[in-house]
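Working notes, structure below.
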Amino acid sequence: MEIRVRFAPSPTGPLHIGGARSALFNYLWARKNKGTFIVRSEDTDLERSSRESEHNILESLRWLNIQWGEGIEVGGEHGPYRQTDRLDLYREYTKKLIESGHAYLCYCSEEELEQERKDLTAKGETPRYMGKCRHLTQEQRAGFEAEGRKPVVRFRVPEGQAIHINDQVRGDVVFESDGIGDYVIVKSDGIPTYNFAVVIDDTTMNVTQVIRGEEHLSNTPRQVLIYQALGLSVPEFAHISLIMNTEGRKMSKRDGDTAVIDYRKKGYLPEAIVNFIALLGWSPSGEKEFYTLDELAEEFSLERVSKSPAVFDFQKLNYINSHYIKQTEPERLAQLAIPYVQQVGVFSAEEPSAEQQQWLIGVMKAIADKISYLAEVKDFVHYFHGDTPLEPQGEALEVLKGEQITSVFELFRGKVQEVEELSEATVKTLLKQITKELKLGGKLVYMPIRVALTGQMHGPELYDIIPLLGRENVLKRLEITEKRHLG
RNA sequence: GGCCCGUUGGUCAAGCGGCCUAAGACACCGCCCUUUCACGGCGGCUACACGGGUUCGAAUCCCGUACGGGUCACCA
């Protein structure tokens, strides 16, 4: 049988890391089994859903290169793929359930329900609906209607039934139906609730495996009950553990960057994000730690999905991202870095000139092994651009007080002026010549020049900085330092 | 509170009854390389939540306790 899986986000916000991981696992599982990956939109929460969020989610998936073969925007045989476009379908099934006695109309008001919940909680019982409207007569219903009450549809939960869930990650999980009250499947405005719509969608879309976050595990028996009432076959489930923050709680917006778009904006590479989230809750059998999407699709298995929650570790993410940055061609890095160079005002909002692009490529070559994500280029551009060095502080200031300073600077200036072209090679030899001619240790030559040109004791290699700065800026920076610190 | 899930080092994790005086990675610390930082290389640190069973033998199986999480909505 063809494996069919799906990712069904509700478009109430941007795609979060946890959602991205669910999508990824579904996608990988589909590819591994040569099945189909479906994306649909669960937008039955009219209040909070928006097309903007839906768009953001889809964009984030595309950015991660998680492609779906069927679903929203790409179409397919089982559409439409937005729940609000499927209302007629749900109505059909609602009718079936009511006619077969598996569901009934309920006219209870919010206050009544609230009270019931309170009472049950006070007694130490699970707050649930106790079935007040289970056996309304025709007259009672008419009465409520006359009052102007709008009914909801509730599912009649059978008594004394054990509900087994075949979970690929957790094994056989059993729930007792008695712990579940009759729950709403259609709201008073006629819109189905999640637990109902999800069943109808999964069944009509022939979904064979439901891979989703663990927060859905407790809801699963409600869904299974609906499958059974309708006489439908129940899919297999796989509930993936949650992603936690550093405090061990479910990751939420308060923990900073939780949306995929946040990472995109900071200049993380999509292949790094994919690699990282794949390793959150899943582990390969070997010791390899860097995986392309293709390799993941090859290796992925539900068996190796962890039961226990994973903590989102920023340091590990940075490690993985910096690995990918080092591997990426400088041309692509430069392209991705443009916005950050614009943000610090070194590039204008316009398309950078060919010359600027060349310069940026050089910069990226020089700093590729020093940054964890692209937004960090903002902290590095000052090394390579402009005629004014940063003001040296503390130790750097001390460096400029050495006795050899004047002669080092003189020689350096002369050589920079004389040399035909400033390149990595010429700068390297030029610096070496200074140490030889003055018979000084490297540190006594390199460090003052570094401080003179950058104001800093650390940074990219001098032979990278000097050519990119250009002769004019180098001389200007040297001059400024001399004026500022050598009287 | 009821129900459900989970618990190997600071973090991610391997481990499916003997190969475990428990792998690997991140982080951290030290050394080497180096003009500095970083990169890279080498080495080190630190873990089976607790208590009972079962077994010749348990991180691995069972039970209980503790702790963490999820869920109990006309949210998904």
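Proteins get letters first, then strands, A, B, ... in listed order; numbering begins at 1 in each.
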Rounding to a whole Å, what distance do you find between [X]:[atom1] and [N]:[atom2]?
X: A:Leu279; N: B:rA14; atom1: CG; atom2: C1'; answer: 12 Å
X: A:Arg212; N: B:rC4; atom1: CZ; atom2: C1'; answer: 14 Å
X: A:Ile165; N: B:rU71; atom1: CD1; atom2: C1'; answer: 12 Å

Using a cut-off of less than 4.0 Å, is there contact between a side-chain N or O of [X] and OP1 or OP2 of [N]?
X: A:Lys428; N: B:rU35; result: no
X: A:Ser241; N: B:rG6; result: no
X: A:Lys316; N: B:rA13; result: no
X: A:Arg304; N: B:rG15; result: yes

Taking the side chain of [X] as heavy atoms from C-beta outward, which of [options] is closest to it?
X: A:Arg450; options: B:rG69, B:rA13, B:rU36; value: B:rU36
X: A:Leu242; options: B:rG70, B:rA13, B:rC37; value: B:rG70
X: A:Tyr194; options: B:rG69, B:rA76, B:rC74; value: B:rA76
X: A:His216; options: B:rA76, B:rC74, B:rC39; value: B:rA76
X: A:Thr193; options: B:rA76, B:rA25, B:rA13; value: B:rA76
X: A:Glu287; options: B:rA76, B:rA23, B:rC26; value: B:rA23

Check your understanding: Is the distance between the ring centroids of A:Phe25 and A:Phe300 less than 6.0 Å?
Key -> yes
**Study point:** Pair A:Phe196 + A:Tyr183: ring centers closer than 6.0 Å
**Key:**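 Judged by ring-centre distance (under 6.0 Å), A:Phe196 and A:Tyr183 do not meet the cut-off.
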Distance between the [atom1] atoms of [N] and [M], in whole angstroms?
N: B:rG52; M: B:rA66; atom1: C1'; result: 14 Å
N: B:rC62; M: B:rC67; atom1: P; result: 22 Å
N: B:rA58; M: B:rU8; atom1: C1'; result: 14 Å
N: B:rG6; M: B:rG10; atom1: P; result: 23 Å
N: B:rG44; M: B:rG24; atom1: C1'; result: 16 Å
N: B:rC42; M: B:rC19; atom1: P; result: 28 Å
N: B:rA27; M: B:rU46; atom1: C1'; result: 12 Å
N: B:rC48; M: B:rU11; atom1: P; result: 13 Å

Point to revise | Short N-O contact, A:Glu112 and A:Arg149, less than 4.0 angstrom | key: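 Salt bridge present between A:Glu112 and A:Arg149.
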Point to revise | Pair assignment for B:rU7, Watson-Crick or G-U wobble, requiring both distances under 3.5 Å | key: B:rA66
Point to revise | Side-chain donor-acceptor pair present, A:Tyr104, A:Asp182, cut-off under 3.5 Å | key: yes
**Study point:** Residue whose closest nucleotide on RNA chain B lies nearer the 5' end, A:Trp282 versus A:Lys370
**Key:** A:Trp282
Exercise for review: Using heavy atoms to find the nearest nucleotide of RNA chain B for A:Phe175 and A:Gln315 separately, return the residue whose nucleotide is more 5′.
Suggested key: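 Looking at the nearest nucleotide for each, A:Phe175 comes out on the 5' side.
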Check your understanding: Going through the checks in order, is the ring-ring contact (aromatic ring centres under 6.0 Å, His included) test met by A:Phe276 and A:His323?
Key -> CA-CA 11 Å; A:Phe276 176 66; A:His323 167 85; over 10 Å; no
Practice item. Please confirm whether any donor atom in the side chain of A:Ser218 sits under 3.5 Å from an acceptor in the base of B:rG70, or the reverse. Key: yes
Check your understanding: Donor-acceptor pair under 3.5 Å: do we get one between A:Asn219's side chain and the base of B:rA76?
Key -> yes
**Study point:** Result of checking A:Gln83, A:Arg222, A:Glu42, A:His216 against A:Tyr194 for side chain to side chain donor-acceptor pair (under 3.5 Å)
**Key:**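 Among the candidates, only A:His216 passes.
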Check your understanding: Any sub-3.5 Å donor-acceptor pair from A:Arg21's side-chain atoms to A:Leu280's backbone N or O?
Key -> yes
Review point. Using a cut-off of 4.0 Å on non-hydrogen atoms, how would the nucleic acid contact of A:Thr220 be classed: base, sugar-phosphate, or nothing?
Key: nothing
